Participant: 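Please see the structure below; I have some questions.
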Amino acid sequence: MKELVENFPEMCEQALRLTVPKKNLKGVKGMLVLGMGGSGITGDIIRDCCDVRVDVCRDYKLPKCDPETLVIAISYSGNTEETLSSFTQALGLKNTLAITSGGKLIELARSGKIDTIQIPSGMPPRAALSYLLFPLIKFLRQSGVRIEGVDEAIESLKSIAKKTKRLREIGNGIEGQIGIYCPPGFEGAARRLKTQINENAKTLARWDSFPELNHNEHVGWENATGKNTVIILRDSGEHERTTARIEYMKEYIGGKSKIFEIFSLGKSKLSRELSLIYQGDLISIFLAEKNGVDATPVQSIDALKEHLSKIK
Ligand code: PA5
């Protein structure tokens, strides 16, 4: 896992070279991404980084969507039952796309003559983010959706890979209950860090975003006890009132929690989002090392999938 995470910038470049279908998306008013876990996060990143409206569905049931919506099913294995179920309900719609390495999703897409991006197999889904995301970005750009900053994002990732000392210090410094806070518009990065800490470091974590957290989570700190760590994702484009809130919270919880901050890199939203994601991914690997756990296996997810496969 560590090597895959370290190679993320190069994998993004390789992923961009994949051939993707071309579609005229003129008239498409929004996107609906169907996907779970390490695949579904791709939808959150696209939502955070493009101008078009994007919703992410993590359910068996396809939500109401108008005919002008592009529905994108993303499942790395191609066998995730929630994604297969919601995508089956979308099959009659005008604009659909599937992204997978194989499994039942590719069979479904082939039999329904659905545009498909097939990506290499053999990785843990969350380590295949480069392949789940960049060919989709290429497809969307080719099809007329504006997502800027691809080259800048890859340069930012490369510069992070060269300097990981501070990220290792953060991973080593994490203790107790873990909270991840982000400014609005970076919910994908915050969710990704939470899920990477869960799956790589086998540790519980929660995430929340400003300014919303000041209206609920904030109050929970009144009675906080024990050890706590908060990682705050920071961005140069934060609203000045959001910055004021973050600075206030640092003071407010400082006596009760360790606080670490990581900062976005670059001008484009894609670079800023992915630079936070990549720093978070590395922190989760360093935390796994500190915890003495193998980052790769996700036995409890496998056990549940196995259980569910028997009770159909
Ligand atoms: O990281 C993981 O293994 C999970 O979060 C999976 O991504 C999730 O279970 C969905 O599987 P898939 O990505 O194959 O659709």
Side-chain angles (χ1 to χ4, degrees), residues 1-5 7-8 11 15 32-46 56-62 71-90 96-109 114 116-136 180 187-207 277-278 280-285 287-288 291 293-312:
M1 177 61 73
K2 189 177 183 190
E3 208 179 313
L4 286 168
V5 173
N7 289 341
F8 182 59
M11 287 167 71
L32 175 65
V33 176
L34 317 174
M36 308 300 298
S39 293
I41 196 69
T42 315
D44 298 83
I45 299 170
I46 293 292
V56 185
C57 166
R58 296 178 161 91
D59 191 10
Y60 291 90
K61 197 170 172 293
L62 185 75
V71 179
I72 308 169
I74 309 183
S75 170
Y76 183 70
S77 62
N79 291 322
T80 296
E81 62 177 39
E82 300 93 317
T83 312
L84 289 168
S85 163
S86 53
F87 194 50
T88 303
Q89 297 158 54
T96 45
L97 174 74
I99 305 177
T100 183
S101 70
K104 291 184 189 141
L105 183 54
I106 207 139
E107 289 166 23
L108 197 62
I114 306 289
T116 304
I117 299 176
Q118 187 169 9
I119 59 177
S121 60
M123 287 171 259
R126 63 194 181 283
L129 179 62
S130 49
Y131 283 100
L132 294 164
L133 179 66
F134 276 86
L136 174 58
I180 295 141
E187 287 82 358
R191 181 191 275 266
R192 169 76 172 183
L193 179 49
K194 175 234 182 259
T195 58
Q196 290 289 77
I197 287 176
N198 296 153
E199 294 184 61
N200 291 339
K202 280 68 180 167
T203 299
L204 290 173
R206 65 187 194 282
W207 72 270
I277 285 182
Y278 191 36
D281 282 9
L282 286 158
I283 289 171
S284 75
I285 292 295
L287 179 60
N291 289 351
V293 296
D294 182 349
T296 306
V298 283
Q299 282 162 7
S300 40
I301 298 178
D302 298 341
L304 174 64
K305 287 183 179 178
E306 173 70 17
H307 167 74
L308 289 169
S309 73
K310 287 187 195 137
I311 57 167
K312 264 176 195 160

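Bear in mind that the values here come from a model prediction, so they are computed numbers and not experimental data. Atoms considered below: every heavy atom in the structure, side chains included; atoms not considered: hydrogens, waters and symmetry mates. Just follow the structure's listing: the first ligand is 1, and inside any ligand the first atom is 1.
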Participant: For atom 2 (C) of ligand 1, what's the nearest protein heavy-atom neighbour? Residue, atom name and distance, please.
Facilitator: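 Going by distance alone, atom 2 (C) of ligand 1 is nearest to Glu199 OE1, 3.0 Å.
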Participant: Show which atoms of ligand 1 fall inside a sub-4.0 Å distance from at least one heavy-atom site of Ser75.
Facilitator: 12 (P), 14 (O), 15 (O)
Participant: For ligand 1, which atoms sit closer than 4.0 Å to a heavy atom of Lys305?
Facilitator: 8 (C), 9 (O), 10 (C), 11 (O)
Participant: With rounding to the nearest 0.5 Å, note down the distance linking CG in Leu129 to CE in Met123.
Facilitator: 11.0 Å
Participant: Look at the side chain of Ser77 and the backbone N and O of Ser75, then say whether any donor-acceptor pair between them is shorter than 3.5 Å.
Facilitator: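 The answer is no, because no donor-acceptor pair under 3.5 Å joins these two groups.
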Participant: Among all protein heavy atoms, pick out the one at the shortest distance from atom 13 (O) of ligand 1; state its residue, atom name and that distance to 0.1 Å.
Facilitator: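 Protein heavy atom with the smallest distance to atom 13 (O) of ligand 1: Ser39 OG, 2.5 Å.
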Participant: Does Gln89 reach the main-chain N or O of Tyr60 with its side chain, forming a donor-acceptor pair under 3.5 Å?
Facilitator: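 At least one qualifying donor-acceptor pair exists.
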Participant: I need the nearest protein heavy-atom contact for atom 5 (O) of ligand 1: residue, atom name and distance, please.
Facilitator: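 Atom 5 (O) of ligand 1 sits closest to the protein heavy atom Gly38 N, 3.1 Å.
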Participant: Of Asn198, Thr195, Asn200, which is the lone residue that meets side chain to side chain donor-acceptor pair (under 3.5 Å) with Arg126?
Facilitator: Asn200
Participant: Can you name the atoms of ligand 1, numbered from 1 with element, that are less than 4.0 Å from a heavy atom of Gly37?
Facilitator: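 Those of ligand 1 that fall under 4.0 Å from Gly37 are 5 (O), 7 (O).
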Participant: Polar-atom distance check: Ile301 versus ligand 1, any N or O pair below 3.5 Å?
Facilitator: no
Participant: Return yes when atom CG of Leu308 has more than 12 non-hydrogen atoms of other residues, nucleotides or ligands closer than 6.0 Å, and no otherwise.
Facilitator: yes
Participant: Can you tell me the protein heavy atom closest to atom 11 (O) of ligand 1 and the distance?
Facilitator: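 Sorting protein heavy atoms by distance from atom 11 (O) of ligand 1 puts Thr80 OG1, 3.0 Å first.
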Participant: Between Ser77 and ligand 1, which residue portion shows a heavy-atom distance shorter than 4.0 Å: side chain, backbone, both, or neither?
Facilitator: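 It is both backbone and side chain that touch ligand 1.
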Participant: Backbone N or O of Tyr76 within a donor-acceptor pair of the Tyr131 side chain at under 3.5 Å?
Facilitator: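 Not at all, since once roles are kept as given, no pair shorter than 3.5 Å links the two residues.
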Participant: Atom NZ of residue position Lys104 - does it have more than 12 heavy atoms of other residues, nucleotides or ligands inside 6.0 Å?
Facilitator: no
